[in-house]
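Report on the following structure.
In what follows, every heavy atom counts, from backbone to side chain, and hydrogens, waters and symmetry copies are set aside. Since the structure is predicted, the reported quantities are computational estimates derived from the model, not experimental observations. We name chains A, B, ... by the order of the sequence lines, and we start the count at 1 in each one.
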Amino acid sequence: MEQYSVAIDRKWQRRWEDTGLYTFNPDRVDEKYYVLSMFSYPSGSRLHVGHWYNFGLTDSWARIKRMQGYEVFQPMGFDAFGLPAENYAIQTGIHPKESTWANIETMREQLRAMGGMFDWEYEVVTCDPDYYCWTQWLFLALYNAGLAYRAKAPVNWCPDCQTVLANEQVVEGTCERCDSPVIHRSMTQWFLRITDYADRLLEGLDDLDWPERTKEMQRNWIGRSEGAEIRFPVEGEAVFIDVFTTRADTLFGANYLVLAPEHPLVSRITTAEYHARVSAYIDRAARKSELERTSLEREKTGVFTGGYAEHPLSGERIPIWVADYVILSYGTGAVMAVPGHDERDHEFSTKHDLPIPRVVTSVNRDEAPLPFVDDGVLVNSGDFDGMDSASAREAITAELETRGLGKATVSYRLRDWLVSRQRYWGAPIPMIFCPECGEVPVPEADLPVELPDVVDYAPEGRAPLESAPEFVHTRCPECGGDAERDVDTLDTFVDSSWYFLRYPDNHNTDAPFSRAWIDRMLPVDQYVGGVEHAVMHLLYARFINMVLYDLDFVGFPEPFRALTHQGIILGPDGRRMSKSRGNVVSPDDYIADHGSDVFRMYLAFGFNYVEGGAWEDEGIRATARFLDRVRRWVATMAEENTTTDAGIEGEAEAALEYVMHQAIARITADAEVFQFNTCVARMMELTNALYRYAGVVDDGQRNGALLSEATRTLLLLMAPFAPHFAEEMWERIGGTYSIFDQPWPTWDPDKLTLDTVEIAVQVNGKLRATVTVPSGATEEEVEAAARANERVAGHIEDGVRRVIVVPDKLVNFVT
RNA sequence: GCGAAGGUGGCGGAACUGGCAGACGCGCUAGAUUUAGGAUCUAGUGGCCUUGCGCCGUGCGGGUUCGAAUCCCGCCCUUCGCACCA
């Protein structure tokens with residue numbers, strides 16, 4: 001019989017396509033199961049191992065759901081806007097539209113070759129005007145709801161990509177995409193009010209079936225922190241400096257204030273005498289990259305402004321400083337410095353010879369060395385002396401509140417989402433600026449605002465769309481006068497923040513999707529993708545979905561019910577695959593050699609799905625051998641039709657049946673939790689059991705019905721993981737097309753126990769023997785059997801004080 | 001520094017609510033078979049020795065328990081995330 005190979009892949013791919021096997025049937029929406037892999041960027045290179053690991057095994061999971069009777073909805077699409085196509089265009093002159101659509105075509109073919117169960121009728125491509133029309137609609141929906149606003153603010157600027165970035169796209173002070181150091185710039189940009197949703201994004205996490213670490217990452221990113229806002233009146237000016245602190249209990253230890261260099265009050269507070277020094281300092285701080293400002297060997301620099309504020313409780317005069325260890329974007333951009341009880345303030349005070357008073361002692365009142373940052377008992381704090389830190393926080397905040405100089409408040413680390421990008425290959429922001437009417441949204445009827453083809457997309461610090469006058473110049477929708485379009489494009493994370501809503505209704509031309517339909521198709525039942533999107537995409541998508549929920553466009557607040565992250569497949573050297581290291585494993589070579597199912601099944605077998613790990617060539621050969629072992633078995637079954645004696649029920653038959661039912665039960669359970677490696681192990685065990693049976697029982701004596709059932713079961717269990725192979729084997733044993741229309745095998749709980757079980761016999765917790773007893777034997781029977789064992793007898797001669805019996809497991813004699 | 005996850009044979013990795021550690025596979029050893037094979041089959045494979053009814057073994061040290069990879073306490077190490085967050 002012919003060996004499994006890519007030729008068989010092709011045969012079944014064609015057959016599946018010809019028969020429309022994977023066409024989603026909307027009539028069965030009540031049985032729908034929405035399985036989603038994070039769609040990918042259509043890069044010019046071939047599908048890599050990571051794609052296979054994500055798409056291939058998610059497809060296997062989906063196939064199980066299909067066989068379990070669900071109407072599986074598993075769409076595929078492309079996150080097609082973005083920088084690589086644009087950078088490629090700058091290098092080669094090939095238009096992003098051209099290269100992107102060419103890449104999409106290649107990727108579609110490769111995804112077909114993978115044997116994915118995708119229904120391409122539901123494809124989504126984010127750079128298609130039919131799609132980004134609705135991305136723009138989404139932006140306007142947020143705008144109309146007051147959730148999109150334009151503001152001048154210090155933003156992260158990547159000098160290399162020549163665009164601003166969202167906070168989430170800055171990693172350790174560098175650009176997430178190109179690793180260049182990010183600098184701060186003040187620019188007028190569009191923001192989405194994700195901070196309005198901070199608390200709900202936090203609370204919503206509790207009910208999601210997501211990896212705990214991912215939820216934790218989102219919680220940390222949102223960074224909710226309870227504290228107090230405290231007002232310090234500025235001496236000689238009718239203004240206040242508000243600070244945020246979580247340690248209101250240390251207020252009496254605050255002996256100066258620090259403003260971030262970008263703080264709006266700096267110039268007003270700085271006295272003439274100090275003006276030169278302060279502005280020089282601010283200039284220097286502005287030029288520093290984010291990386292420098294936050295680098296580990298940072299030194300606490302800062303200058304005095306000459307200004308003073310009044311302590312809200314003690315009335316003391318306290319100096320105001322400017323220092324770049326305070327960041328504008330957190331809290332109020334100003335802090336009260338408490339050098340005795342904060343490490344940073346302590347370091348700063350030491351460096352600048354400022355006094356360091358103590359206002360908290362440890363709980364047993366000893367003079368713990370400063371800075372003492374733990375909670376303790378208050379001293380030198382007027383009426384609050386003797387209070388513990390926790391009560392003092394409340395008492396001091398209450399006191400401030402009565403004086404109108406403070407209140408309890410909550411601060412977040414999360415910032416509003418900056419969505420403007422000074423790049424070409426993205427969805428234009430549908431806004432118009434009119435000299436008369438100001439900012440005017442593009443009317444919905446005029447959408448999409450199409451991206452013009454002809455522009456100079458080499459960035460020179462301004463948006464490429466500026467170079468297309470026919471795009472820029474337009475009429476004001478309100479007054480009809482001359483006006484200009486916004487020349488920035490939307491962050492591609494906006495495109496991907498709602499694509500899962502578009503899939504089920506991707507041909508809708510009247511709306512992004514119809515609510516009635518979308519409410520039946522969503523939420524996504526199982527979402528699978530890389531952990532690198534834990535914040536960013538997954539947070540943005542939740543935010544957008546929640547907004548649409550509030551605006552009554554969808555009926556569910558959370559889009560992704562369950563989430564799994566696949567791990568990362570490393571190179572054979574155990575390091576991340578990269579071209580420069582020369583350790584890249586190319587799926588194509590292996591697939592040409594062994595067929596796609598061998599590749600897929602090795603990915604299932606060789607790794608813990610969530611952890612990933614290093615590639616091993618030996619592993620894929622082992623998998624190829626396994627499939628061939630199954631093939632040989634099927635060949636034998638198909639040829640030797642001599643095992644007809646159906647009625648034999650002996651020990652060998654019981655053993656085979658046991659393994660078969662175990663395999664069904666455990667594969668069903670393990671696959672459910674993405675534990676694919678043990679699923680394959682169980683298939684191997686069943687295969688081994690089949691061979692063993694044939695080895696033990698002579699031809700002619702074999703239980704043909706059982707053999708046939710076990711073989712069919714094996715193929716059914718393998719089918720999701722080796723779809724082409726299983727379909728082929730299924731055909732050869734006379735199964736009806738398609739194996740994926742067969743029900744998932746079920747197990748008989750009665751068959752999960754053997755007639756007899758081996759019991760471990762321990763004496764004082766040490767294994768001394770094993771005895772075989774009928775399964776379900778009573779404690780007395782088990783104990784008697786154990787005592788009867790001669791190896792045990794020697795150890796318990798001196799008497800037994802206690803006996804523990806775990807049914808069907810073990811006996812422990814305590815002497 | 002803070003937070004999370006994790007340390008199990010030569011390797012990838014198993015082990016349900018505490019109950020025979022090492023499933024399954026790789027590799028290795030011996031044998032069989034074949035003209036050949038990245039083939040197949042059989043047996044073995046955690047370590048140690050004094051080869052026994054033996055001892056020791058899940059990062060290290062304690063503890064709880066009849067019994068601990070699993071639970072508790074204290075360390076060490078690795079990975080990931082955040083990082084002057086006030």
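The nearest whole Å value for the distance from the CG atom in A:D808 to the P atom in B:U17 is 18 Å. Going from atom NE2 of A:H594 over to atom C1' of B:A39 covers 13 Å, rounded to whole Å. Atom CD in A:E262 sits about 14 Å away from atom P in B:C84, given to the nearest Å. Atom-to-atom, CZ of A:R621 to P of B:A39 comes out at 9 Å; the value is rounded to the nearest Å. Distance A:F626 CZ to B:U40 C1': 16 Å, rounded to the nearest Å. For the pair A:R666 CZ and B:C16 P, the computed distance is 9 Å after rounding to whole Å. Whole-Å rounding puts the A:Q662 CD to B:A14 P distance at 18 Å. Going from atom CD1 of A:I569 over to atom P of B:G12 covers 14 Å, rounded to whole Å.
Judged by distance alone, with hydrogens and angles left aside, the side-chain atoms of A:S389 form a donor-acceptor pair with the main-chain N or O of A:G376 at under 3.5 Å.
Spacing between B:A69 and B:A15 at atom P, rounded to whole Å, works out to 15 Å. With both ends at atom C1', the span from B:U58 to B:C20 equals 15 Å, rounded to whole Å. Spacing of P atoms, B:U64 relative to B:G46, comes out at 32 Å, to the nearest Å. Distance noted for atom P between B:G22 and B:G47: 13 Å (whole Å).
Side-chain contact check for A:E168 and A:Y540: at least one donor-acceptor pair (N or O, by modelled atom type) lies under 3.5 Å.
Counting non-hydrogen atoms under 4.0 angstrom, A:D345 reaches nothing in the nucleic acid. Across all strands shown, A:Q675 has heavy atoms under 4.0 Å from sugar-phosphate atoms exclusively, and none from any base. Counting any heavy atom pair closer than 4.0 Å across all strands shown, A:G331 reaches no nucleic acid atom. Nucleic acid contact for A:D670: none, since no nucleic acid atom lies under 4.0 Å from a heavy atom of the residue.
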Below 3.5 Å is the cut-off: list the nitrogen or oxygen pairs between protein and nucleotides 65-69 of chain B, distance only.
from, atom 1, to, atom 2, distance (Å)
B:C66, OP1, A:R802, NH1, 3.1
B:C66, O2', A:N812, ND2, 3.3
B:C66, O2, A:N812, ND2, 2.5

Dump the pairs, protein N or O against N or O of nucleotides 1-5 of chain B, anything under 3.5 Å, distances to one decimal.
none

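Near RNA chain B, meaning a heavy atom under 4.0 Å from it, residues 411-418 of chain A has A:R413 in order of number. Near RNA chain B, defined here as any heavy-atom distance below 4.0 Å, the residues from residues 608-620 of chain A are A:N608, A:G612, A:E616, A:E618, listed numerically.
The partner of B:U64 is absent, by the rule that a Watson-Crick or G-U pair needs both atom distances under 3.5 Å. Within the shown strands, B:C77 is the pairing partner of B:G6 under the Watson-Crick or G-U definition, both distances less than 3.5 Å. Across all strands shown, B:G27 forms a Watson-Crick or G-U wobble pair with B:U45, both key distances being under 3.5 Å.
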Q. Taking it one step at a time, do A:F721 and A:M683 satisfy side-chain contact (heavy atoms from CB on, under 4.5 Å)?
A. CA-CA 11 Å; A:F721 298 91; A:M683 295 169 204; 3.3 Å; yes

Legend entry - Verdict with supporting geometry, A:V814 and A:N764, side-chain contact (heavy atoms from CB on, under 4.5 Å): CA-CA 5 Å; A:V814 185; A:N764 293 325; 3.8 Å; yes

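The side chain to side chain contact (heavy atoms under 4.5 Å, CB included) check on A:Q762 picks up A:L810, A:N812, with sequence neighbours excluded.
In this structure, A:H341 and A:F372 have perpendicular ring planes: the angle between them is above 60°, well past the 30° mark. Ring-plane geometry between A:F232 and A:H311 is classed as perpendicular, the angle between the planes exceeding 60 degrees on a 0 to 90 degree scale with a lower cut at 30. Ring orientation note: the planes of A:F493 and A:H533 are nearly perpendicular, at an angle over 60° on the 30°/60° scale.
Using a 90° window around 0 for the glycosidic torsion, B:C20 falls outside it and is classed as anti. Base orientation of B:G9: syn, since the glycosidic angle falls within 90° of 0.
Nearer to the 5' terminus of RNA chain B, by closest-nucleotide assignment, is the contact made by A:V680 (compared with the other of A:V680 and A:T332). Between A:A334 and A:A681, it is A:A681 whose nearest contact on RNA chain B lies nearer the 5' terminus.
With B:A86, B:G19, B:C24 as the candidates, the nucleotide lying closest to the side chain of A:L810 is B:G19. Each of B:G81, B:C24, B:C20 was ranked by its minimum atom distance to the side chain of A:M217; first place goes to B:G81. For A:T245, taking side-chain heavy atoms from C-beta onward, the closest of the listed nucleotides B:A23, B:C41, B:A86 is B:A86.
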Its contact letters, B for base, S for sugar-phosphate only and - for none at protein heavy atoms under 4.0 Å, make nucleotides 47-57 of chain B read -------SSS-

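For A:R625 against B:A39, a side-chain-to-base donor-acceptor contact under 3.5 Å is absent. At a cut-off of 3.5 angstrom, the base of B:C20 holds no donor-acceptor pair with the side chain of A:K809.
Shown here is A:E532, whose CD atom has more than 12 heavy atoms of other residues, nucleotides or ligands within 6.0 Å. Heavy-atom neighbours of A:K407 NZ from other residues, nucleotides or ligands within 6.0 Å: at or below the threshold of 12.
Pairing each heavy atom of A:P339 with each of A:N255, the nearest pair is CD-OD1, 3.3 Å. Taking all atoms of both residues into account, the shortest heavy-atom contact from A:P261 to A:V322 is CA-CG1, 3.7 Å.
For A:N677 and B:A23, the shortest distance from a side-chain N or O to OP1 or OP2 is not below 4.0 Å.
Screening A:D209, A:V531, A:L538 against A:L563 for a side-chain contact (heavy atoms from CB on, under 4.5 Å) leaves a single residue, A:L538.
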